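None of the values given here were measured: they were computed from a predicted structure.
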Amino acid sequence: MSVLIAIPARFASTRFPGKPLHMLTGASGVAKSLVQRSWEAARAVAGDHRIVVATDDARIKAASEAFGAEVVMTSEHCANGTERCAEAAETLGGGFEMIVNLQGDAPLTPHWFVADLIEGLRNDPSADVATPVLRCDGRALTGFIEDRKEGRVGGTTAVFAANHHAMYFSKEVVPYTGQTYGEDAETPVFHHVGVYAYRPDALKAYPRYTTGPLETLEGLEQLRFMENGRPVLCVEVAAQDRQFWELNNPSDAPRIEQMMREMGMD
């Protein structure tokens, strides 16, 4: 059975309209759209996986097909990327071992994050969903805290149990720590990386679940699984000196381009 990697991409983002088509310039000076860079990140994952862009927008469809992506059109009524992945998997007829949601705002996602995620879900039959977490160093934690002080969502943090099953995800910085850390020091805070792997039955059930209070308050789609008793596995991944950031706000674009230049990414 194969793995489907779906890249949900919608034009009507509340915080950043047209985000998938925003151009990002790499170290060589070449500009590519966010959705193309996300697609290239998916293609770097080892294995013979099927990769599709899932969208409801003709502009994104045209741009994606222009750089060679397979596109699945989905409803404009999908509330989030997970619902869009569920619809795309159903449209393609199912038959997948698992479905990976590589969100279209994470172009810096290293290929080993996705590979480790797939392996993690395969190795834990008690989990219905898996998602990567990255331990913050002092530099990253300081950035999270500064973003929240300025009213920006800099990223999502995760708290998990000893078996690595998630206890909570939040756009606030959790757990609280009053300590100060050096830039390269390890901290007890984990950055949630916006990638998911779902078992087909869990993903199929997701759109039928009622949106719960935690998902509503936090605006985090993965909380719907947890509010309905579906175990979510947190797979700790290693940065391997790779910088990582998601494009949540327009102000994130220069930060991501700077990271690309520093890492020599074209």
Side-chain angles (χ1 to χ4, degrees), residues 1-10 38 42 45 47 49-56 72 74-75 77-106 109 113-133 156-171 190 192-237:
M1 297 177 70
S2 61
V3 173
L4 172 67
I5 302 179
I7 303 169
R10 67 187 183 104
S38 299
V45 179
H49 309 312
R50 187 171 183 179
I51 303 168
V52 301
V53 173
T55 188
D56 60 356
V72 178
T74 55
S75 168
H77 301 298
C78 293
N80 55 45
T82 299
E83 289 191 7
R84 201 170 301 282
C85 287
E87 186 175 331
E90 184 176 1
T91 298
L92 292 172
F96 300 103
E97 174 194 1
M98 67 180 73
I99 299 92
V100 173
N101 173 352
L102 179 60
Q103 299 195 80
D105 57 6
T109 305
F113 280 20
V114 182
D116 288 352
L117 184 66
I118 292 170
E119 182 180 5
L121 190 59
R122 281 176 175 159
N123 292 338
D124 186 349
S126 67
D128 290 328
V129 182
T131 192
V133 293
T156 298
T157 56
V159 177
F160 48 88
N163 63 356
H164 280 250
H165 285 195
M167 299 172 67
Y168 198 57
F169 297 91
S170 182
K171 290 179 179 177
F190 283 85
H192 170 239
V193 180
V195 186
Y196 303 93
Y198 319 101
R199 298 199 191 281
D201 64 319
L203 183 60
K204 185 176 181 179
Y206 182 88
R208 300 196 297 267
Y209 292 142
T210 301
T211 303
L214 297 179
E215 180 187 359
T216 301
L217 288 167
E218 292 274 7
L220 296 175
E221 62 203 90
Q222 67 269 35
L223 292 174
R224 193 184 308 180
F225 286 110
M226 296 173 64
E227 290 186 89
N228 285 277
R230 293 278 190 171
V232 177
L233 175 70
C234 291
V235 178
E236 186 174 354
V237 292

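Contact record, V53 with A9: CG1-CB, 4.3 Å, taken as the closest heavy-atom pair. Minimum interatomic distance between T131 and F169 (heavy atoms only, all atoms of both residues): CG2-CZ, 3.8 Å. Pairing each heavy atom of A6 with each of P8, the nearest pair is O-CD, 3.3 Å. Of all non-hydrogen atoms in A89 and I99, the two that sit nearest each other are CB-CG1, 4.1 Å. Across all non-hydrogen atoms, the minimal contact from P125 to R199 is CA-NH2, 3.6 Å. Across Q103 and S38, no two heavy atoms sit closer than the pair O-OG, 4.2 Å.
In this structure, the ring of Y198 has its center no less than 6.0 angstrom from the ring center of Y206.
To the nearest 0.5 Å, atom CG of residue D124 and atom CD of residue E119 are 12.0 Å apart. For the atom pair OG of S2 and CE of M98, the computed distance is 10.5 Å after rounding to the nearest 0.5 Å. Rounding to the nearest 0.5 Å places CZ of R224 at 8.5 Å from OG1 of T216. In this structure, OG on S75 lies 5.5 Å from CD on E87, to the nearest 0.5 angstrom. Between the CG atom in N228 and the CG atom in L223 there is a gap of 11.0 Å [rounded to 0.5 Å].
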Exercise for review: Any chance you could lay out the side-chain contact (heavy atoms from CB on, under 4.5 Å) test for D56 and R10, step after step, and finish with the verdict?
Suggested key: CA-CA 6 Å; D56 60 356; R10 67 187 183 104; 4.1 Å; yes

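No side-chain N or O of E215 forms a donor-acceptor pair with one of Y209 less than 3.5 Å apart. There is a side-chain donor-acceptor pair under 3.5 Å between E221 and T82.
You'll find the side chain of V133 reaches within 4.5 Å of the side chain of F160, heavy atoms only. Contact annotation: the side chain of V193 approaches that of F113 to within less than 4.5 Å [non-hydrogen atoms, C-beta and beyond]. Residues D116 and P132 form no side-chain contact, since every pair of their non-hydrogen atoms from C-beta on lies 4.5 Å or further apart. Side-chain atoms of H49 and V100, non-hydrogen and from C-beta on, never get closer than 4.5 Å to each other. When side chains are defined from C-beta on, Y196 does not count as touching L203, because their heavy atoms never get closer than 4.5 Å. Contact annotation: the side chain of H192 never approaches that of L220 to less than 4.5 Å [non-hydrogen atoms, C-beta and beyond]. Inter-residue side-chain proximity for L233 and H165 is flagged as met; some heavy-atom pair is nearer than 4.5 Å.
Applying the side-chain contact (heavy atoms from CB on, under 4.5 Å) test between T109 and each of L102, L117, V45 identifies L102 as the sole match.
Within 6.0 Å of atom CD in E227, more than 12 heavy atoms from other residues, nucleotides or ligands are found, so the atom counts as buried in its surroundings.
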